[in-house]
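Worksheet: one structure, shown below.
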Amino acid sequence: MALHSLRGFRDLLPPDSARFTAIEAAAREVFALYGYQELRIPTLELKELFVKSTGETTDIVEKEMYAFTDGGGREVAMRPEGTPGVVRAYIEQNLSQSGRNGKFYYIGNMFRAERPQAGRFREFEQIGAEYIGNASPYADAESITMLVRLIEKAGLPGCSVELNSLGCAECRKTYRQALLAYLQGCAEKLCEPCRGRIERNPLRALDCKIDGPWLAGSAPKLTLCPDCAEHFARTQELLRISGIQHNVNPGLVRGLDYYTRTVFEVRSSALGSQDAVCGGGRYDDLVKSMGGPAAPAIGWALGVDRLAMLLKDRPAADGSPKAFVVAAAKEAGQKAYELLTALRAAGLSADFSSFDLSLKSQMRSADKSGAAFALIIGEDELKAGTCAVKPLKQPGEQKIVPITEVTALLTTLAAG
Ligand code: HAM
């Protein structure tokens with residue numbers, strides 16, 4: 001039997017791969033505008049990192065991690081998200097002392113053994129941003145504004161942000177008790193996993209796909225302490241100043257344990273049930289709880305696979321070469337090869353099939369390649385030191401040009 005890829009793991013083919021590249025390029029441009037620098041963090045980390053940061057009671061850690069014991073007997077895991085690795089690096093590399101501004105971005109694949117479905121893969125790409133060391137609502141507004149501008153730059157205008165505040169540890173202490181009492185009172189109505197973890201993490205029930213919707217109407221609501229309420233109000237005000245559409249959604253709790261205060265998601269109904277394009281929030285206590293300095297932080301991660309799905313009807317950059325070089329006679333092969341080399345050296349994309357094949361076959365390949373021009377060298381051209389330039393995409397006469405002038409001509413045509 002032929003070998004095949006694993007379920008939930010996929011090959012990205014053109015033009016989808018070009019869509020991913022374009023999103024990444026848009027992201028890098030936007031990150032540069034906001035002073036973010038790239039961090040490249042490992043794909044494999046100690047499992048404990050995710051247990052301690054993402055959270056023991058989260059779906060990700062409980063059931064979705066690709067975790068195993070390596071040859072050295074270490075418990076390791078393929079990263080299911082980027083935030084824990086960034087925080088580990090921040091602490092391990094002493095980045096708080098590096099004189100940097102604490103703004104980092106990463107682009108990379110994440111791994112979660114979820115049940116595959118439309119928009120949900122076991123290996124997927126995230127573009128993530130983390131701003132460590134700034135507690136002010138200006139940082140919240142900047143981070144969310146940057147996210148929306150990035151999505152716009154990638155080609156999807158008009159998105160709106162779902163926003164909530166989960167308060168600080170203090171606000172949540174009293175709330176946790178009230179919610180726990182409520183959930184215990186209606187435990188028989190909860191789904192199995194929620195029932196199993198209400199003591200450990202009652203808030204997760206609000207985020208559950210099954211119980212979340214009915215609990216949103218009936219469960220007790222979180223009351224923010226004055227500081228958290230002010231932070232949230234100011235964040236919203238600043239988002240209005242930045243012109244960012246947002247909707248306060250008290251049901252938004254997010255499925256990871258480290259969040260405090262502001263949490264947000266960008267969703268799109270066009271994606272079906274896996275509708276979150278991006279999720280993020282503040283994590284003011286995480287760096288300290290992982291052994292680092294007291295460093296409040298905020299960040300988000302964008303699902304590139306999902307954004308690419310939303311952009312699938314937009315034209316992707318076509319990878320067609322500008323020119324396709326054809327040798328119409330065997331003896332012209334070497335000249336054609338020299339021309340191909342010169343074109344590429346001049347920064348013009350060029351391709352060929354095989355100079356030993358028939359003219360007809362080479363011209364068929366030229367058409368298929370999507371090239372704008374075929375550059376043909378036959379016996380006559382070889383003798384005269386010329387080349388035939390034949391437009392393939394637009395109507396136009398074939399021209400005979402001295403071979404020394406072809407690159408200049410194509411450069412002018414490429415610019416026009
Ligand atoms: P998350 O909400 O778990 O947050 O993931 C962020 C985004 O990754 C989701 O909105 C979705 O677009 C994409 N995503 C997640 N799982 C899958 C999947 N199985 N297949 C395809 N796409 C997926 C985080 O990961 C946090 N680290 C975000 C963050 C950064 N919070 C603070 N800083």
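As the structure lists them, so they are numbered: ligands from 1, and atoms in each ligand from 1.
- Looking only at side-chain heavy atoms (C-beta outward), Val304 and Gln126 stay at 4.5 Å or farther from each other.
- When ring centroids are compared, Phe31 and Tyr105 come within the 6.0 Å threshold.
- At least one heavy atom of Gly280 sits less than 4.0 Å from an atom of ligand 1.
- Ion pairing of Arg240 with Glu237 is absent here, as no side-chain N (NZ or NE/NH1/NH2) approaches a carboxylate O to less than 4.0 Å.
- Of the candidates Glu81, Arg254, Arg115, it is Arg254 that places a heavy atom closest to atom 4 (O) of ligand 1.
- Polar contact check, Phe121 against ligand 1: a nitrogen or oxygen pair lies under 3.5 Å apart.
- Taking atom 21 (C) of ligand 1 as the reference point, the nearest protein heavy-atom neighbour is Gly119 O, 3.3 Å.
- Between Arg112 and ligand 1, at least one N/O pair is under 3.5 Å apart.
- In this structure a side-chain-to-backbone donor-acceptor pair under 3.5 Å is missing from Ser242 to Ile244.
- With a 4.0 Å heavy-atom cut-off, ligand 1 is reached by no atom of Tyr131.
- When heavy-atom distances to ligand 1 are checked against a 4.0 Å cut-off, Phe124 comes that close only through its side chain, counted from C-beta outward.
- The pair Arg19-Asp16 meets the salt-bridge criterion, with a side-chain N (NZ, NE, NH1 or NH2) lying under 4.0 Å from an Asp/Glu carboxylate O.
- Assignment of Asp305 to the shell around ligand 1 is not supported, since no heavy atom sits closer than 4.0 Å.
- Using a 4.0 Å cut-off between charged nitrogen and carboxylate oxygen, Glu62 and Arg197 count as a salt-bridge pair.
- Residue Val277 has at least one heavy-atom neighbour below 4.0 Å for each of these atoms of ligand 1: 10 (O), 12 (O).
- For atom 7 (C) of ligand 1, the closest non-hydrogen atom on the protein side is Ala301 O, 3.5 Å.
- Protein heavy atom at the shortest distance from atom 8 (O) of ligand 1 is Gln126 NE2, 3.2 Å.
- Looking at atom 31 (N) of ligand 1, its nearest protein heavy atom turns out to be Tyr259 OH, 2.6 Å.
- Not a single heavy atom of Gly8 sits under 4.0 Å from any atom of ligand 1.
- Below 3.5 Å of separation, one finds an N or O of Glu130 facing an N or O of ligand 1.
- For ligand 1, none of its N or O atoms has an N or O atom of Tyr106 under 3.5 Å away.
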Is there a side-chain contact (heavy atoms from CB on, under 4.5 Å) between Val30 and Tyr36 once you walk through the steps? CA-CA 9 Å; Val30 173; Tyr36 277 66; over 6 Å; no

Only pairs under 3.5 Å count here: list side-chain donor-acceptor contacts from residues 41-51, not counting sequence neighbours, and write none if there are none.
unit_1: Glu45; atom_1: OE1; unit_2: Arg88; atom_2: NE; d: 2.7
unit_1: Glu45; atom_1: OE2; unit_2: Arg88; atom_2: NE; d: 3.3
unit_1: Glu45; atom_1: OE2; unit_2: Arg88; atom_2: NH2; d: 3.0
unit_1: Glu48; atom_1: OE2; unit_2: Lys52; atom_2: NZ; d: 2.8

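- With hydrogens and angles ignored, the 3.5 Å screen pairs no side-chain donor or acceptor of Arg122 with any backbone N or O of Arg112.
- Nearest protein heavy-atom contact of atom 13 (C) of ligand 1 is Gly303 CA, 3.7 Å.
- Judged purely by atom type and a 3.5 angstrom limit, Asp70 uses its side chain to pair as donor or acceptor with the backbone of Gly73.
- Heavy atoms only, all atoms of each residue included: Cys228 and Cys171 are closest at SG-SG, 3.6 Å.
- Taking every non-hydrogen atom of Gly279 and a distance limit under 4.0 Å, the qualifying atoms of ligand 1 come out as 10 (O), 28 (C), 29 (C).
- Scanning Gly299, Ala118, Gly281, Ala276 for the heavy atom closest to atom 9 (C) of ligand 1 points to Ala276.
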